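Per chain, numbering begins at 1; letters A, B, ... match sequence-line order. Keep in mind that this is a model prediction, so the values were computed, not measured.
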2 protein chains.
Amino acid sequence: MPRKKQVRSEQTKQDILNAAGRLFAAKGYDAVTMREVAKEAGCSHTAIYIYFGDKEALLHELSIPALTELQLQIEEKVSGKLEPEEALRRISLDFIRFCLIHRNMHHIFFEARSIRVDEAEPELEINRVRNGMFRLLMQAVQQCLNLPEGSGRLLSATRIYFYLLHGIVGTYQLSEESAEDLMDRLLLTFREAIEVLLLGFRAQHAPDK
Amino acid sequence: MPRKKQVRSEQTKQDILNAAGRLFAAKGYDAVTMREVAKEAGCSHTAIYIYFGDKEALLHELSIPALTELQLQIEEKVSGKLEPEEALRRISLDFIRFCLIHRNMHHIFFEARSIRVDEAEPELEINRVRNGMFRLLMQAVQQCLNLPEGSGRLLSATRIYFYLLHGIVGTYQLSEESAEDLMDRLLLTFREAIEVLLLGFRAQHAPDK
DNA sequence: CAGATAAAGTAACCATTGGTTATTTAAAAA
DNA sequence: TTTTTAAATAACCAATGGTTACTTTATCTG
């Protein structure tokens with residue numbers, strides 16, 4: 001079995017991923033060319049095509065570890081010992097922070113385009129992760145509102161909750177401010193937004209009259 | 001003064017706008033080439049550059065009449081005789097419907113990029129319209145919540161309201177479904193989302209204890 | 001009617017980009 | 001030593017937005 005070759009190959013792949021990660025984060029996906037990534041990674045651009053097929057696949061592969069980590073964070077809070085509303089609050093902020101940090105991947109998380117129907121394997125890793133995450137969000141909403149699982153009301157409540165999160169991160173997707181600055185400046189607004197939604201849901205399910 | 005020349009010139013410009021409108025709506029901004037627009041408009045692609053400068057400027061100019069009409073719709077409801085909450089409800093649905101119909105212009109309304117700082121006139125028509133619209137939204141929120149004008153609470157409430165709208169239209173930005181189908185399928189959810197937010201705001205300003 | 005004017009077409013061109021395809025080089029494996 | 005194989009090199013392709021020089025044609029004006 002080869003060993004040094006394997007290692008070298010793996011190293012090149014990692015170099016590419018690192019370079020792409022840096023560049024995408026710094027300049028945004030669209031503004032980065034494959035030749036640039038190659039230069040930064042210290043390899044030829046053809047090597048990238050050997051390992052990743054095309055540009056979007058590169059971004060794809062790049063996004064999986066980050067997404068998986070987020071999923072873990074959320075999982076902890078869903079199955080943890082927090083009271084449901086507190087869990088939902090924290091999950092929301094985790095999600096927002098994550099999306100602001102990884103703004104360059106925005107379209108991977110939110111645009112249907114990134115679901116590659118032309119793929120050999122229909123169960124693309126990223127879709128598994130994404131679906132898992134949506135299920136987690138729904139679970140968190142369910143525990144908050146005590147709605148029957150699988151009910152239409154739960155689905156629409158989760159949708160509404162998702163709209164808000166989506167709108168928040170979408171609003172700042174192209175902002176020049178760093179994720180940190182945005183969180184500093186707007187954390188209170190984000191909190192308030194979540195709180196208003198929770199209040200609204202509560203009022204909806206326990207009408208005031 | 002020339003007359004027939006002027007008319008012809010105007011006609012060409014209109015043909016281009018019409019063609020671009022059709023194509024952008026059908027295939028999306030990115031997927032349409034300038035040569036395509038020219039072909040559809042029955043002119044050469046250089047003519048487009050004469051009239052509009054570049055592709056984005058074409059989309060820009062195309063979006064202004066539509067936006068102005070939306071602004072009118074909203075204005076009516078803000079200054080009309082509806083009770084404030086009903087006005088906000090209708091404005092929200094107007095806004096959502098408009099954004100779903102004009103999905104191809106999504107990035108004009110929501111992406112900072114479309115604010116061209118490199119423009120000779122800093123007061124670009126579209127920015128005037130857009131700012132006017134935001135002021136209207138804030139006014140509608142203000143009349144609902146009775147918050148002092150110019151207060152931080154009003155600003156953050158409007159932001160939250162905007163997040164929700166932004167999230168709703170963003171979620172379906174790339175959907176293949178027609179605006180009509182989406183409205184049919186999701187109108188109740190949209191209404192519920194607005195209702196939840198209103199309930200939440202109300203609960204927030206009149207705490208239940 | 002004749003010449004000036006301006007709208008628009010034609011066609012060539014440019015740079016950039018994502019992507020592909022030989023062919024070669026060099027190091028590691030057999 | 002011979003064979004693999006990772007990877008570089010370099011050339012190429014097609015599409016795209018955008019530009020420019022030159023020409024045609026319809027209209028306006030004297």
Do B:Leu182 and B:Arg185 have side-chain heavy atoms sitting under 4.5 Å apart?
yes
Between C1' of D:dT5 and NZ of A:Lys13, the distance in whole Å:
17 Å
What about A:His45: does its side chain form a donor-acceptor pair under 3.5 Å with the base of D:dT9?
no
Can you list everything that forms a salt bridge (charged side-chain N to carboxylate O under 4.0 Å, His left out) with A:Glu36? Sequence neighbours excluded, please.
A:Lys27
Look at all strands and tell whether B:Thr33 reaches a base, only sugar-phosphate, or nothing, counting heavy atoms closer than 4.0 Å.
sugar-phosphate
So which one's nearest nucleotide on DNA chain C is more toward 5', A:Val32 or B:Ala47?
B:Ala47
Among D:dT9, D:dT19, D:dG18, which is the nearest nucleotide to the side chain of B:Met34?
D:dG18
So, does A:Gln142 use its side chain to make a donor-acceptor pair with the main chain of A:Leu147 at under 3.5 Å?
yes
Determine whether A:Arg191 and A:Glu195 satisfy the following criterion, salt bridge (Lys or Arg N to Asp or Glu O under 4.0 Å), listing intermediate values before the conclusion.
CA-CA 6 Å; A:Arg191 282 190 191 282; A:Glu195 224 52 48; over 6 Å; no
Counting side-chain heavy atoms from CB outward, which of C:dA7, D:dA6, D:dG18 is closest to B:Ser9?
C:dA7
Between D:dA15 atom P and B:Glu36 atom CD, what is the distance in whole Å?
12 Å
Paired and unpaired positions of DNA chain D as dot-bracket, Watson-Crick or G-U wobble under 3.5 Å, | denoting a partner strand:
||||||||||||||||||||||||||||||
Would you classify B:Thr12 as touching base, sugar-phosphate or nothing, given that sugar-phosphate means primed atoms plus P, OP1 and OP2, and contacts are heavy atoms under 4.0 Å?
sugar-phosphate
Give the nucleotide from the list D:dC28, D:dT19, C:dT20 with an atom nearest to the side chain of B:Tyr49.
D:dT19
Which of these nucleotides, D:dG17, C:dG9, C:dG18, is closest to any side-chain atom of A:Arg35?
C:dG18
Please give me the minimum heavy-atom distance between B:Asp54 and B:Met34, naming the atom from each residue.
C-CE, 4.1 Å
Please pick, from D:dG17, C:dA7, C:dG19, the nucleotide with the shortest atom-to-atom distance to any side-chain atom of A:Asp54.
C:dG19
Using the ring of each side chain (for Trp, its six-membered ring), is B:His102 parallel, tilted or perpendicular to B:Phe98, with breaks at 30° and 60°?
tilted
May I ask you to decide if the ring planes of B:Tyr163 and A:Phe190 are parallel, tilted or perpendicular, using 30° and 60° as cut-offs?
tilted
